[in-house]
Amino acid sequence: QVQLVESGGGLVQAGGSLRLSCAASGRTFRAYTMAWFRQAPGKEREFVAAIRWSDGHIFSSDSVKDRFTISRDNAKSTVYLQMNSLKPEDTALYYCVADTYYSNRDYNYKYWGQGTQVTVSS
């Protein structure tokens, strides 16, 4: 069992930055891939980025890879999503997820956090 708790969302003006955090716990989370997905109102859930905990290998969506960076802190058992140059279209509920293998499909992830809201004003 893996538990995920997100934090760091909020309201920011366009061009600003936010850093989302996902604190992981559980016996085996270090063998997992952690990822961020987002869902805007009226839209399908979208893959943002993922990181393989074992070796730090990163996967990023082409739509955000120049602005968003995923990272991990082993000592804190936390995954981060640094979001820069935010745009109104980045407004969404951001979810931290985890599972054994990488996928850019949300249905392949078993463990989910509660989500954290990011709102970017124009």
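Only this structure's heavy atoms are used, side chains among them; waters, hydrogens and symmetry mates stay out.
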Indicate the atoms forming the closest heavy-atom contact of [X] with [Y], along with that distance.
| X | Y | answer |
| --- | --- | --- |
| Val120 | Thr91 | N-OG1, 2.9 Å |
| Ile70 | Ile58 | O-CD1, 3.4 Å |
| Cys96 | Met34 | SG-CE, 4.0 Å |
| Thr33 | Ala50 | CG2-CB, 4.0 Å |

Drop me the distance from [X]'s [atom1] to [Y]'s [atom2], to the nearest 0.5 angstrom.
| X | Y | atom1 | atom2 | result |
| --- | --- | --- | --- | --- |
| Leu86 | Phe68 | CG | CZ | 5.0 Å |
| Arg52 | Tyr101 | CZ | OH | 11.0 Å |
| Thr119 | Asp90 | OG1 | CG | 11.0 Å |

Quiz item: Can you hop from Val97 to Val2 via hydrophobic side chains spaced under 4.5 Å?
Solution: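 Each belongs to a different hydrophobic cluster.
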Quiz item: Step by step, would you call Leu81 with Val48 a side chain to side chain contact (heavy atoms under 4.5 Å, CB included)?
Solution: CA-CA 9 Å; Leu81 184 68; Val48 177; 4.0 Å; yes
Exercise. Return the orientation label for the Tyr95 and Trp112 ring planes: parallel under 30°, perpendicular over 60°, tilted otherwise.
Key: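 It falls in the perpendicular class, over 60°.
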Exercise. Return the set of residues passing side chain to side chain donor-acceptor pair (under 3.5 Å) with Lys65 (not counting sequence neighbours), or none when no residue passes.
Key: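 Side chain to side chain donor-acceptor pair (under 3.5 Å) check on Lys65 returns Asp62.
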Quiz item: Who are the side chain to side chain donor-acceptor pair (under 3.5 Å) partners of Ser121, not counting sequence neighbours?
Solution: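 Result, side chain to side chain donor-acceptor pair (under 3.5 Å) vs Ser121: none returned.
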Quiz item: Any salt bridge (charged side-chain N to carboxylate O under 4.0 Å, His left out) pairs touching residues 96-108, not counting sequence neighbours?
Solution: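 Output for this query lists Arg45-Asp106.
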Quiz item: Does any N or O in the side chain of Glu6 come within less than 3.5 Å of the main-chain N or O of Gln114, such that one atom is a donor and the other an acceptor?
Solution: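 Answer holds: yes.
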Quiz item: Under 3.5 Å, is there a donor-acceptor pair between the side chain of Arg67 and the main chain of Met83?
Solution: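 Not a single qualifying donor-acceptor pair exists.
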Quiz item: Looking at residues at least two apart in the chain, or sitting in another chain, which of them share a side chain to side chain contact (heavy atoms under 4.5 Å, CB included) with Glu46?
Solution: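 Only Arg38, Ser63 meet the side chain to side chain contact (heavy atoms under 4.5 Å, CB included) criterion with Glu46.
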Self-check item: Verdict with supporting geometry, Gln3 and Tyr111, side chain to side chain contact (heavy atoms under 4.5 Å, CB included)
Solution: CA-CA 7 Å; Gln3 293 80 41; Tyr111 300 105; over 6 Å; no
Exercise. Dump the intermediate steps for side chain to side chain contact (heavy atoms under 4.5 Å, CB included) on Val79 and Trp53, then the final yes or no.
Key: CA-CA 9 Å; Val79 171; Trp53 201 285; 3.2 Å; yes
Donor-acceptor contacts under 3.5 Å from residues 14-24 side chains, at least two apart:
residue : atom : partner : partner atom : Å
Ser17   : OG   : Asn84   : OD1          : 3.0

Self-check item: Partners meeting ring-ring contact (aromatic ring centres under 6.0 Å, His included) with Phe37 (sequence neighbours left out)
Solution: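 Testing Phe37 for ring-ring contact (aromatic ring centres under 6.0 Å, His included), a comparison that skips the adjacent residues, returns Phe47, Tyr109.
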Exercise. Would you please test Tyr80 and Thr78 for side chain to side chain contact (heavy atoms under 4.5 Å, CB included) and show each step?
Key: CA-CA 7 Å; Tyr80 301 100; Thr78 299; 3.6 Å; yes
